[in-house]
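In what follows, a structure is listed as structure tokens, so that the remarks can point back to it.
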Protein chains: 2
Amino acid sequence: MKGSENTKFIPNLSYDCVIFGFNGVKLKILILEYHNTGLFALPGGYIKHNQSLQEAVNKGVEERTGLKNVFLDQFQVFADPNRTDPSATRRILEANNKDLADNEWMTERFVTVGHYALINYENVNPKPDHLSDSIEWYDIDNVPKLMMDHNEIVSKALEVLRNNISEKIIGMNLLPPRFTMKLLQQVFEAILGHTLRRTSFQRKMLSLDILQRHEKLFEGKAHKAPYLYSFK
Amino acid sequence: MKGSENTKFIPNLSYDCVIFGFNGVKLKILILEYHNTGLFALPGGYIKHNQSLQEAVNKGVEERTGLKNVFLDQFQVFADPNRTDPSATRRILEANNKDLADNEWMTERFVTVGHYALINYENVNPKPDHLSDSIEWYDIDNVPKLMMDHNEIVSKALEVLRNNISEKIIGMNLLPPRFTMKLLQQVFEAILGHTLRRTSFQRKMLSLDILQRHEKLFEGKAHKAPYLYSFK
DNA sequence: TTTTATTGTCTCATATTATGACAATAATTC
DNA sequence: GAATTATTGTCATAATATGAGACAATAAAA
């Protein structure tokens, strides 16, 4: 039936998600590229009429990463009436052989709810959706030009992440279950964009009483082996 | 023309605003009561198709308080599919002799963007809108039972305000242009919900280098007159 | 002139954080 | 197997910030 798609969703409302991961060196985000258009965008989607926003975003993140119930922060609404770009949306629909008339609702103005997710890089298996031909990790300091206001959404997400930097949440979601103090420090440095003092950082983390110390990690390197830690 | 109202606005999307004021003693918020219904609610509204969210909220706040361009923080989206209460909306429409069929769109599910505003209590002249018969200040610790999830929105706004307590923003927006150190301390105590140490507070504020000291304020009291300050 | 209440500013004790020093220790090199 | 290397865990000391109280200054009333 024609036009059935648009009745499933709340009109003019979408979500977009900045998915952060950490590969041990750099902070990265997932960006998708649409078939034959050269257009890059954040993963996002629409909210069904019977669905909560959080359900919708969780589902979208799961479809692209395979991860369930990841840490999500809904950080800002972007609602400039001119933020949407109908011509870009049409290009994507055409490149995917979609009926324009049928999908006209997608070219309307959209208010979007910006989220960021923190996920364990190693567990992710990025999967493009039916409109895009790739979804890939990009260094946070090397993000390509994105559609509409998505670059602004990324900047804002990083800003909020930096301000809300809670030791436990960041560590628990961006790191593997067991990690060295050095790796923990490297996540913080990657997020904050500057180096930290080793001794102060270590003392601070230990004093917070959120870490559990485990066995040492023998990496086969010619120096003292570090302890492994997990979050309590 | 029937049903023309709903075409003006983005469907299923609203804003609500917790408007904070400080009367010198208590932190207060503005709450409106609907004609002949006993229903209390936060001031809120809808977003026109050609309007940004911020424009819509600024306009709503101005209509109820007479104040333009007040400090606004868009702090959270509330999007539970069951948060809306169609029966309450119908009661309000009936009490105002509105055509139910014509306004059926108002009883649909709404996703709302929660905001809080900080305003100078003294400058406000509260004005009820066409559906409500009063808009009044309530102590933050004595808020009545509100419609839908509005009590939750208030709690969340206060929580965010407490966490985001930036000296300058709070002082500049909740206080008159010139104020004593004591009044400044009282705003902070009203927001935080606990007392602060006078000497430490004073030293802290002065060390931040955000205050300009002016002439003394002679209140006609039998003690040393305090200086007046403004924000730089 | 004395009293009263409050203000502005110290002082000293007590955290907290910065900075550097240093011993401990896996693995490599000789 | 002893010396070397790179890194880790921890401590010592200095610099800052905060907590808690003391006290003199002072505007108006008694």
Side-chain angles (χ1 to χ4, degrees), chain A residues 22-25 162-163 165-168 170-171 175-232, chain B residues 22-25 162-163 165-168 170-171 175-232:
Chain A
F22 178 66
N23 73 342
V25 182
R162 282 179 176 163
N163 290 332
I165 195 161
S166 146
E167 290 74 14
K168 203 161 173 176
I170 287 173
L175 289 176
R178 296 200 175 186
F179 46 86
T180 62
M181 190 61 78
K182 179 164 195 160
L183 193 65
L184 183 60
Q185 184 176 340
Q186 283 171 324
V187 189
F188 276 78
E189 290 178 337
I191 292 170
L192 294 173
H194 61 81
T195 59
L196 297 168
R197 194 159 282 274
R198 184 182 66 90
T199 52
S200 298
F201 181 80
Q202 180 143 342
R203 176 165 38 87
K204 177 76 177 176
M205 286 299 140
L206 293 176
S207 76
L208 288 172
D209 199 38
I210 54 176
L211 295 179
Q212 179 80 48
R213 180 177 282 184
H214 301 283
E215 75 282 1
K216 290 185 175 181
L217 171 67
F218 298 95
E219 292 175 289
K221 300 276 179 64
H223 55 76
K224 190 169 175 180
Y227 287 107
L228 283 170
Y229 296 88
S230 67
F231 285 94
K232 278 187 182 171
Chain B
F22 178 66
N23 72 343
V25 183
R162 282 180 177 163
N163 290 333
I165 195 160
S166 143
E167 291 72 15
K168 203 158 174 177
I170 286 171
L175 290 174
R178 296 197 176 190
F179 47 85
T180 61
M181 190 61 79
K182 179 166 193 157
L183 192 64
L184 183 60
Q185 184 177 340
Q186 283 172 323
V187 190
F188 276 79
E189 292 178 337
I191 291 169
L192 295 173
H194 61 80
T195 58
L196 297 168
R197 193 157 285 276
R198 183 181 66 90
T199 52
S200 298
F201 180 81
Q202 180 143 345
R203 181 181 38 188
K204 177 78 180 174
M205 286 299 139
L206 293 176
S207 75
L208 287 173
D209 198 39
I210 53 176
L211 296 179
Q212 180 79 49
R213 182 178 281 185
H214 302 281
E215 73 283 2
K216 290 184 176 183
L217 171 67
F218 299 95
E219 291 176 291
K221 300 278 181 62
H223 55 75
K224 189 171 177 176
Y227 288 106
L228 284 170
Y229 297 87
S230 67
F231 285 93
K232 276 185 184 171

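Below, chain A is the first sequence line, B the second, and so on; all start at residue 1.
Contact annotation: the side chain of B:L184 approaches that of B:L211 to within less than 4.5 Å [non-hydrogen atoms, C-beta and beyond].
Sorted by first and then second residue, the pairs that involve residues 204-224 of chain B and meet salt bridge (charged side-chain N to carboxylate O under 4.0 Å, His left out), not counting sequence neighbours, are B:R178-B:E215, B:D209-B:K232. Pairs passing the ring-ring contact (aromatic ring centres under 6.0 Å, His included) check and including a residue from residues 209-232 of chain A, sequence neighbours excluded, read A:F179-A:F231.
Taking CZ of A:R203 as the start and OG of A:S207 as the end, the distance is 7.5 Å to the nearest 0.5 Å. How far OG1 of B:T180 is from CG of B:L228: 7.0 Å, rounded to the nearest 0.5 Å.
A pairwise comparison of heavy atoms in A:P177 and A:S230 identifies O-CB, 3.3 Å as the closest pair. Residues B:A225 and B:L217 come closest through the heavy atom pair CB-O, 3.3 Å. Contact between A:N23 and A:V25 at its shortest, heavy atoms only, is OD1-N, 2.8 Å.
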What side-chain donor-acceptor pairs closer than 3.5 Å can you find for residues 186-202 of chain A, not counting sequence neighbours?
residue, atom, partner, partner atom, Å
A:E189, OE2, A:Q185, NE2, 3.1
A:E189, OE2, A:L196, N, 2.8

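Distance, A:E219 CD to C:dA26 P: 12 Å, rounded to whole Å.
Within residues 225-232 of chain B, the residues approaching DNA chain C are B:P226, B:Y227, by heavy-atom distance under 4.0 Å. Scanning residues 181-203 of chain A for heavy-atom distances under 4.0 Å to DNA chain C yields A:R197, A:T199, A:S200, A:R203.
Take the nearest nucleotide of DNA chain C for A:S207 and for A:K221: the residue whose nucleotide is more 5' is A:S207.
Mapping heavy-atom proximity under 4.0 Å, the span of DNA chain D touched by chain A runs 5' to 3' from D:dT5 to D:dT10.
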